[in-house]
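Report on the structure given below.
In what follows, chains are A, B, ... by sequence order, proteins preceding strands, each numbered from 1.
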2 protein chains.
Amino acid sequence: MSKMRSECPISCSLEVFGDKWSLLIIRDLIFYQKSTYGDFLKSDEKIATNILASRLLALEENGIIEKREHPDSKAKVLYRLTNKGIDLLPIIFEIHLWAEKYFPIPEDLQEMVNDAKKNKEVALNTMMEGLRKQLEEEVV
Amino acid sequence: MSKMRSECPISCSLEVFGDKWSLLIIRDLIFYQKSTYGDFLKSDEKIATNILASRLLALEENGIIEKREHPDSKAKVLYRLTNKGIDLLPIIFEIHLWAEKYFPIPEDLQEMVNDAKKNKEVALNTMMEGLRKQLEEEVV
DNA sequence: ATTTGCACTTGCAATTTGCAAGCAAAATTA
DNA sequence: TAATTTTGCTTGCAAATTGCAAGTGCAAAT
């Protein structure tokens with residue numbers, strides 16, 4: 001957050017998640033139930049270990065994700081989206097809808113995208129509620 | 001478009017507009033009626049000339065923008081969003097709404113964002129129709 | 001007690017970005 | 001008509017970022 005390029009909301013937002021990796025990490029958190037450093041490393045796009053570390057730190061500093069104790073082991077770190085991070089879902093939803101129009105969509109996502117197309121608001125709200133519930137439950 | 005990192009719609013989309021500059025150029029086309037190389041250079045974020053040239057080329061290759069003859073002069077080049085580019089507006093809208101929640105929004109954009117919050121679908125459709133109309137008219 | 005798993009860090013090479021200057025064609029001015 | 005300015009780039013080089021491979025330190029399993 002050192003230097004802002006401008007006051008523009010698009011520009012400010014891009015400084016938070018406008019790189020090649022951040023939205024992919026957020027995607028993994030939302031759609032693939034990934035939550036650890038090792039999980040993110042396994043994604044198809046093959047992020048480098050140092051880049052992953054720097055992105056996770058930046059996302060944490062920007063309040064998009066937070067670190068938690070992992071229930072299974074002290075050696076693991078559990079990463080979770082904050083409410084601020086969960087609020088990015090509408091953007092990710094719209095990116096999916098745009099991509100659906102201009103790229104072939106993998107089978108395993110087709111159903112989700114179809115739902116989103118049929119009834120955007122409902123699909124979105126359902127998904128966001130799910131994520132927030134997950135966040136609350138674990139605090140307990 | 002040389003090498004794809006994965007089949008993921010988010011990843012594919014990011015390869016089109018997921019850098020620090022592309023969405024700002026698209027923003028300028030949508031919200032500030034900018035349409036020439038010189039216009040884009042004047043933006044607050046101060047993009048370098050070579051980077052601007054490379055981004056314009058990439059956006060054109062990806063079918064997001066197109067070059068046109070400028071009505072005023074042969075020395076000028078008119079850049080316009082294609083329909084594919086106009087379809088990015090919902091994403092940009094959602095980014096604005098997210099930003100509105102987490103950043104201070106400049107006065108000159110406040111009204112637009114308020115409209116968007118009050119009646120998202122209507123505001124979005126109005127704006128997209130306007131952009132498409134502009135695109136059609138000029139072809140004549 | 002030793003090996004394995006996990007979350008990183010470090011060093012260095014390769015790629016990308018950013019800055020400053022230059023350049024050709026078109027338009028304007030003298 | 002000639003000189004100057006505008007416009008849209010390109011080029012060369014330095015600085016920053018990214019990517020790869022090889023560690024490192026602590027926790028957990030064997």
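Between B:Leu56 atom CG and D:dG8 atom C1' there is a gap of 10 Å when expressed in whole angstrom units. If you measure from atom CD of B:Glu69 to atom C1' of D:dG8, you get 16 Å, rounded to the nearest angstrom. Atom-to-atom, CG of B:Leu59 to C1' of D:dC9 comes out at 16 Å; the value is rounded to the nearest Å. For the pair A:His70 NE2 and C:dG5 C1', the interatomic distance rounds to 13 Å; values are reported in whole Å. In this structure, the CG atom of A:Leu78 is 12 Å from the P atom of C:dC8, given to the nearest Å. Spacing between atom CG of A:Leu14 and atom P of C:dT17 amounts to 14 Å, rounded to whole angstrom units. Protein atom CG of B:Asp19 is 14 Å distant from nucleotide atom C1' of C:dG18, rounded to whole Å. In this structure, the CG atom of A:Leu52 is 9 Å from the C1' atom of C:dC8, given to the nearest Å.
Atom SG of residue B:Cys8 and atom CZ of residue A:Phe31 lie 9.0 Å apart, to the nearest 0.5 angstrom. Here the NZ-NZ distance, from A:Lys34 to A:Lys42, works out to 7.5 Å after rounding to the nearest 0.5 Å. In this structure, the separation between OG on A:Ser35 and CG on A:Leu81 is 11.0 Å, given to the nearest 0.5 Å. With values rounded to the nearest 0.5 angstrom, A:Asp44 atom CG is found 11.0 Å from B:Arg5 atom CZ. The distance from atom CG of B:Asp87 to atom NZ of A:Lys101, rounded to the nearest 0.5 Å, is 3.5 Å. Note: B:Glu129 CD to B:Glu136 CD = 11.5 Å, rounded to the nearest 0.5 Å.
Comparing the start and finish of the helix from C:dA1-D:dT30 to C:dA30-D:dT1, five pairs each, the helix axis swings through 10°, to the nearest 10 degrees.
Looking only at side-chain heavy atoms (C-beta outward), B:Ile25 and B:Leu59 come within less than 4.5 Å of each other. The shortest side-chain heavy-atom distance between A:Pro90 and B:Leu97 does not fall under the 4.5 Å cut-off. Counting heavy atoms from C-beta on, the side chains of B:Leu135 and B:Glu66 come closer than 4.5 Å.
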Distances for protein N/O vs nucleotides 19-21 of chain D N/O pairs under 3.5 angstrom?
residue, atom, partner, partner atom, Å
D:dG19, OP2, A:Trp21, NE1, 3.0
D:dG19, N7, A:Asn50, ND2, 3.2
D:dC20, N4, A:Asn50, OD1, 3.4
D:dC20, N4, A:Asn50, ND2, 2.6

Strictly under 3.5 Å: I want the nitrogen or oxygen pairs between protein and nucleotides 28-30 of chain D, one per line.
residue, atom, partner, partner atom, Å
D:dA28, OP1, A:Lys74, N, 2.9

Stepwise side-chain contact (heavy atoms from CB on, under 4.5 Å) check, A:Trp98 with B:Ile91: CA-CA 8 Å; A:Trp98 184 82; B:Ile91 298 170; 3.9 Å; yes
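With sequence neighbours excluded, the residues satisfying side chain to side chain donor-acceptor pair (under 3.5 Å) with A:Thr36 are A:Asp39. Applying the side chain to side chain donor-acceptor pair (under 3.5 Å) criterion to A:Lys120, with sequence neighbours excluded, gives A:Glu94.
Side-chain atoms of B:Arg55 lie closest to C:dT17 of the nucleotides C:dT17, C:dC8, D:dC9.
Put simply, the side chain of B:Lys118 never gets that close to the backbone of B:Ala123: no donor and acceptor are under 3.5 Å apart. B:Ser43 places no side-chain N or O within donor-acceptor distance of the main-chain N or O of B:Glu45, the cut-off being under 3.5 Å.
Interface residues of residues 23-44 of chain B facing DNA chain C, ordered by number: none; criterion, heavy-atom separation under 4.0 Å.
Using a 4.0 Å cut-off, some side-chain N or O of B:Tyr79 falls inside it from OP1 or OP2 of D:dC9. Phosphate contact (OP1/OP2 of D:dA16, side-chain N/O of B:Lys20, threshold under 4.0 Å): absent.
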